[in-house]
Amino acid sequence: MRPLKKLFKTLFNTEKTEIYHKKDIYPDTSRKLNKDIKENLKILSEEYFIDCDDVILREFDVMDASGKRHRMAVVWIDGLVDKQLIQDHVIKALLIFGREMPPAAGADRFLLLIKESFLTAADLKESDNFGEAVLAVLSGDTLLLLDGVGKTLIISSRGWEKRSIQEPSTEAVIHGPKDGFTETFRINVAQVRRRIKDPNLKIKTIRLGRHTRTDVAVMYIKGIANPKVVEEFLKRLDKVDVESIMDAGYLEQYIEDSWASPFPLFRRTERPDVVSAALLEGCVALICDNTPYALIAPVTFWSLFHSAEDFYERWHIATLVRYLRFLAVFTATSAPALYVAFVSFHPGLLPTDLALSIGASREGVPFSSSIEALIMMTALELLREAGVRLPGPIGQTIGIVGGLVVGEAAVRAGIVSPIMVIVIAVNAISSFAIPSYSVAIGFRLLTFIFLALSSLAGLYGIAIGYIWFVLYLCTLKSFGANYLDPFVNLDPEKMEDLMVRYPLRFMSKRPDFTHPLDETTINKELLSKIQSGDEDADG
Amino acid sequence: MLMDNDKISTRQAIVFLISIAIGAGILSLPRQVDEMAGQDGWISIILGGIITLIGGLIVAALVARQKEDAVKISEKLAGRFITWVIGVFYIIYFLMISAVVNQTSAEVINQFLLEHTPKGFTIFSILLLGFYAVRVGIEPAVRTVMVLFPSAMFVFALIIFTCLSKAKIDEILPVMTTPFKNIFFASQQTLFALEGFEVLLFLAPYLRKPEKAKIIVTLYTAVTTLFYLFITVVTFMVLGKNETKFFVWPVFMMIRGITAPGEVFERLDAFAITIWVVQIFTTLVGYYFSTAIIVKSLFNLKEESYLSAVFLPLFYFAANLPNNFAENKDLAGYVNYLIYPAAFFIPAFLLLLSFLKKAGGKS
Amino acid sequence: MKSFLKISSILLILLVLLTGCWDMVDIDRRIFIGNVGVDKADDKYLFIFTYPIVRKLVGGEGGGGGGGGGKSIYTIKTEARSFSEAVSLIAHRTSRRIYFDHSRNIILGEDAARSGLKELMESFETNTQTNRRSFFIIARGKAEEILGQESDQEVLLAYYIESLFKDSQNKGDLIIKDFSQVMEQIHSLKGNALMPAIVKTGKELDVHGGAVIKNYRLAGFLDPEEARGINILRGEADQTITAFDLGDKKMVVCEINRVDSKPVLVKSDEAPVLRYDIEIAASLKEAPIMKIDSKVLKELEETFASEIIKQVEKGIEKVQKDYRVDVLGVGEYLYKYKPRVWKKYEKDWENIFPDAKIIINPKVKFINLGPVI
């Protein structure tokens, strides 16, 4: 009985494990530096950095004008620092200009002198404890130790090999900026800064992850973003006490509203212009170190269908393309299910010619339509995964070859009917047309569910499935925004951007889902002039 | 968290009420008015709309004054015993209405869509959905209705629109040759299709602006009446008054007779029924919720979402009581009588009490 | 414990629900009946169903090819008392499920029609499976003959018959009504209706004229001119090609593009007197080469108008005097627009109608004149 109980417990135990406990990511400031430089160096090299062979400790003597020698040392990590900066602005400055330094009354004074009058490094801090010092070294800064003082100077010298700014691989546009995020935190933040030259763009940096100590920036525009949203963000981030934040994806899963949802409750983007546009809508953005994309929230289901280009091109095409995307979503989720429903349950709905030709083509196929669909969909998923894993050109070839050859072969072998291959092809192409990859994953899951429902009860099953799906989506919230806003409250003003990509001239209000503080985006007078067709409106 | 999320805005309330009313009534309404009033049946619908408006305004006045659900109101005004009577009455009422709706939908699905699927399955699956809806709370359920219903209604109206190609306008003539007595009796039949506003009695505590109840009710009556009028008139025009009273479900038989432009679909009625399932769902959600709220208020529970598990078997049992369509029709007849107390008399009674209490009683 | 209960109850529910897909019948396990035919056989009916053998039609690819050769339309017959009974009987002999949603035509043999259609029509109407958009046709002769036709013009017999009606270039000579329209007439006219007719001539099937049903029985047929007349009277004669003589052995062929027919009650004594104001827009298709100016055109129009009167009167006469059924819509008009007058005639309309006087007042206008002037 006991082992059975245990089995049940392990199988069905859905107790949530709390990940929120006391945090420990800020450096332990209790252990202070010694005055003796040798002692300090010993502690660093034998306690903190023992077996860390990439930490370099270089000692040198600096002579001041009176001939007195001061023992100094620099500590840095090879590969993380810009060696040129250390050589030129730290070591060189001290060794050469040190001779001109007036004699100081003590080591303290000397350090002060160096810090304020002689070092030509741009970014300089002081610290008196090992915790901060070690963290600084690990982040790519350089420590400057001075014998006789229990303090150290932390010089910012980060300079590692980084990927240059390239076109984002998952969100290409035809016209539009092609700079994407890279893995370097500061540069990413800077890219957003460049676009919003407003001091109201606030960037709060916090550090998360006990071992990874990843820098995370929370960005928002004060005066537009609702302070309650920002507060909620910070509150949730505060609660995150985990071992590691490898990627913003981890972070997303810790702070999102609903862990069970197959649909993303954050928007991910590799493009700084998308982030900037979102910030201007009142969203809050998160940028994580070592992650080449940013997270944006609050998000609605529909914003997952926007691509940056929508707003740079003319609105007619943008609107039509948007509808095309909805169609793509519909086909991607329902195509196999509809196939099964029409072919096996309601052939009366097909035009007679089609019904007869499908009937003819399915003669001799051993499986029922739903099993056929299941087989083909599984095959499609396998091909997809394979295509992702294989490098570059091979991956694409496999995709095409897989599709054509395997489909043809399957038809010839009599496993599936030709119409099934077409349905699956339409399904696959539609799912690629969905702009957001994270949403597409959710839809793939949905396809299988709809297929199952359709095999049970045809069109009625699909109807039930859709109702359930919408019901589920309506329960989702993203930082206070209803996931299916603005349908949820059919306010025509707020629906401007949904059905039609409104010409920018007439978009007078921000979308509502972020509950922004400041709603209007255009000078009201100007707007009314434009809307009444006044000729001088451009003035 | 951010907004006061448990409240329903005025617009949402209007759509929710409309979605409750428009559901199973579509199917049999043309037949019912045709049986009694012939081709002047459409006038009965307008009359029915006026009656509904009166009842709705009574409910609206009650809700706007008291801002609570009916059970709590009657507790305040009439004492525990009467409250229990009223509560139990409403529970039975909703059980029966949803049984009629469930059976109708199962029957239609069996006839047109899925011939061999047992009715229990269709009823059970819709009940499951309703159960889930109550479970997640009123707000998400209302949001769902907001998202689903307008498009479903629009598509359905579009389908009916395409039926106009076979319509002969003069089927409505001659006008007003049927004796008014018949028209009046027929309008009583329309109440089953038009009602839905008594749910407002139980939605009251969730309204963001209960004082706007009058507007809610007026708009709801207008839209529902117009929609039904549209469908009935088109049905008359296409099928003629003789055939309409002949079919059990004239609307779907009419849809069967047309093809989509371009001959894309052959049997549009299967498609129309799929859309109609959405409308049935939105109708049932309202009833389930009301029941849950009644029980919650009667027993003074905190959350109503867990009650849904209890109701599932109860509703299922009720839904399976009528065995076939004829029994269903009889049940619907009883329900029609119950509408009077449920939608008119009890709210009027409570309203009267609230006036008296206010006038005579303590401050 | 709570979550255990929750999950296990969900699983149980799922198990119950997933016990079967009751209605799943693959498309290749179905037969799509194309035509239904009914002939009289003693005191029962002979039901004839035709359906395509899909394999032979299209030559299926998936799963091994079909062969050529052999008939592509299969006919199956059975004797039964009603439609549903017939379906149940042929179910014994068919290897696949029978499905009527794509059926195009229902053809009733002349003998079946003459002996009484009430039960047949009811059996079709109460069966949900009947396709209400199929054409409901009376055959001159036996339905079996018609349905035995192998046509070279179309692959499917059902298409062939259906297209004879739908895609006809000369629609005015036919009565085109589908099942729902016929039944609508039957119900509002209490057993009277106009129905399409079909006959086999040599290697083809011919649709022209129509059939008149009186009191659920076939009263007789209409030939093309009579049908045309009735159509014009009812305002349903678009796209009709007619010829008329010009005297001097000259002949003009023109096409009626649009007909607007408005009845007007002139007098209402013993029997009503109605005048039908008919406006016709026509185009010249073929005419002897002559100088056409507005005077000549006016003459042509007047000649055509008197021709129209002749044709319509022919149709009226057949229906009024020979068959004595009101399928012209006179009663309908009175009922709808002049209900008080209708009250006078209502009870005895069957006998009053043949005495009703109908005056035709056509106005013709030529709108297209062709390339030669």
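First the proteins, then the strands, lettered A, B, ... as listed; each starts at 1.
Annotation: the span from Glu125(C) atom CD to Met253(B) atom CE amounts to 7.5 Å, rounded to 0.5 Å.
The shortest side-chain heavy-atom distance between Asp101(C) and Arg256(B) falls under the 4.5 Å cut-off. With a 4.5 Å cut-off on side-chain heavy atoms, Met183(C) and Phe246(B) do not count as touching. No side-chain heavy atom of Met254(B) sits under 4.5 Å from any side-chain heavy atom of Arg132(C).
With a 4.5 angstrom heavy-atom cutoff, Ser134(C) does not touch chain B via any of its atoms. Interface remark: Tyr335(C) contributes backbone and side-chain atoms alike to the contact with chain B (heavy atom separation under 4.5 Å).
Shortest non-hydrogen contact noted between Asn242(B) and His187(C) is ND2-O, 3.5 Å.
Glu162(C) pairs by the salt bridge (Lys or Arg N to Asp or Glu O under 4.0 Å) definition with Arg104(C), Lys166(C), not counting sequence neighbours.
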* **Steps toward side chain to side chain contact (heavy atoms under 4.5 Å, CB included) verdict (Gln185(C), Glu243(B))** => CA-CA 9 Å; Gln185(C) 282 181 76; Glu243(B) 270 207 308; over 6 Å; no

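Using a 4.5 Å heavy-atom cut-off against chain B, no residue of residues 341-350 of chain C qualifies as contacting.
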